[in-house]
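Have a look at the structure below, then the notes.
One-based numbering, in listed order, for ligands and for the atoms of each.
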Amino acid sequence: DRGSVQNSPKSYDVEYLMPVSLGTPAQQLNLDLDTGSSDFWVFSTLLKESMINGQTLYDPNASTTADKMEGYSWKITYGDQSYSSGDVYVDTVTIGDLTVSTQAVEAAREVSEEFTADSDNDGLVGLGFGIINTVMPYKQKTFFEKAMPGLDSPVFTADLKSGAPGRYNFGYIDDGAYTGNITYVPVNSSDGFWSWVSPGFQVGTTGSFNNTRIHGIADTGTTLLLLPEGVCEAFYGRIASAKYDASQGGYTFECNDSTTPDFYFGTGNGQMIRIPGSYLAYSKIDTSSLRCFGGMQSDSGVGFTIWGDIALKAAFIVFDQGSERLGWAEK
Ligand SMILES: N#Cc1c(N)n[nH]c1N1CCCC1
């Protein structure tokens, strides 16, 4: 079996949403596929009105195939301190023509203000590893883990684009979606993340390659690229107008600074992925400013590097759960 679904970026590519069908008759919600977490949770009719702001709600009582998992609950807190919690139902879920008939759907009773404020986002499909699923008393499998046995190949791929729709594919690799070769690197899933080691980086075409191993995770649910302080300093040191601006909480530089170099990261076997300098001028710090907030920021608050959407949208990525490895290709 296989599946393919379009993803659509919200403004500034802050997140990417995809249509998902839940229950019978189908209820369509727009969800955020997040490889940095492993709960499948949705806005639901269980929520207090005050926590809803335009989102589409999953109504388990309107689904003939929904069964409540009595005595089960969930509560998740993300790295940015946003959170959600609620009850658990088993129901049928279809993403891009791929159906899982008994998916644990985590119906929210409570969401933090960040989620309430994000009116286009109806919930998350966590496609990290199931060991970090928060359902109690027994953790539940991710959508991919449920689908995997029936797939042609135990992989899913992410093709995120800058300011344009892309695709998530399940169970196969679309050889037309990338250029050159796919370089595979081993994944350590013991923390539940798609953790891998980059051999290093290069700033611009003239800079030398810096052989410094960077431990990090491939995370579709994080907007920016969070890298070690030293890497940020090497990159921003090459941009004339760049500075660390404590009032903005990060590096900023003039959006049109022509000295902005591309950023390359190693994936192994000498292969590098090129992130265009333009991706790193993330967003204007305010409407009247000529300065942009950098798409690359320090990972010092996190403890490991997060290869978020800024990096992922420069590549075609194979999340190979069958072999616990990541495949990187240019496109
Ligand atoms: N923080 C954080 C975070 C992450 N590292 N991956 N996904 C995240 N979120 C998904 C919804 C809110 C935050």
Inset, instruction - Quick one: list whatever passes ring-ring contact (aromatic ring centres under 6.0 Å, His included) with Phe265, sequence neighbours left out. - result: Trp307, Trp328
Legend entry - 4.5 Å side-chain heavy-atom contact, Ile275 and Leu225: yes
Inset, instruction - Check the surroundings of atom CG in Asn181: do more than 12 heavy atoms from other residues, nucleotides or ligands lie under 6.0 Å from it? - result: no
Legend entry - N or O contact, Gly79 vs ligand 1, cut-off under 3.5 Å: yes
Inset, instruction - May I ask you to check whether Thr222 has an N/O atom sitting below 3.5 Å from an N/O atom of ligand 1? - result: yes
Inset, instruction - List the closest protein heavy-atom neighbour of atom 9 (N) of ligand 1: residue, atom name, distance to the nearest 0.1 Å. - result: Tyr78 CD2, 3.7 Å
Inset, instruction - For the residue pair Asn269 and Thr183, confirm or rule out a side-chain donor-acceptor distance under 3.5 Å. - result: no
Legend entry - Protein heavy-atom partner closest to atom 8 (C) of ligand 1 - residue, atom, separation in Å: Gly221 O, 3.7 Å
Inset, instruction - If you have a sec, work out which protein heavy atom is nearest atom 13 (C) of ligand 1 and how many Å separate them, to one decimal? - result: Asp80 OD2, 3.4 Å
Inset, instruction - Could you check Asp122, Thr45, Leu29 and say which one makes a side chain to side chain contact (heavy atoms under 4.5 Å, CB included) with Tyr58? - result: Leu29
Inset, instruction - Tell me which part of Asp34 gets within contact of ligand 1: side chain, backbone, both or neither, using heavy atoms under 4.0 Å. - result: side chain
Inset, instruction - Check each of Asp219, Leu124, Thr223 against atom 6 (N) of ligand 1 and report the one with the nearest heavy atom. - result: Asp219
Legend entry - Salt bridge flag under 4.0 Å for residues Asp159 and Arg167: no
Inset, instruction - Write out the residue and atom name of the closest protein heavy atom to atom 12 (C) of ligand 1, then the distance separating them to 0.1 Å. - result: Ser82 OG, 3.5 Å
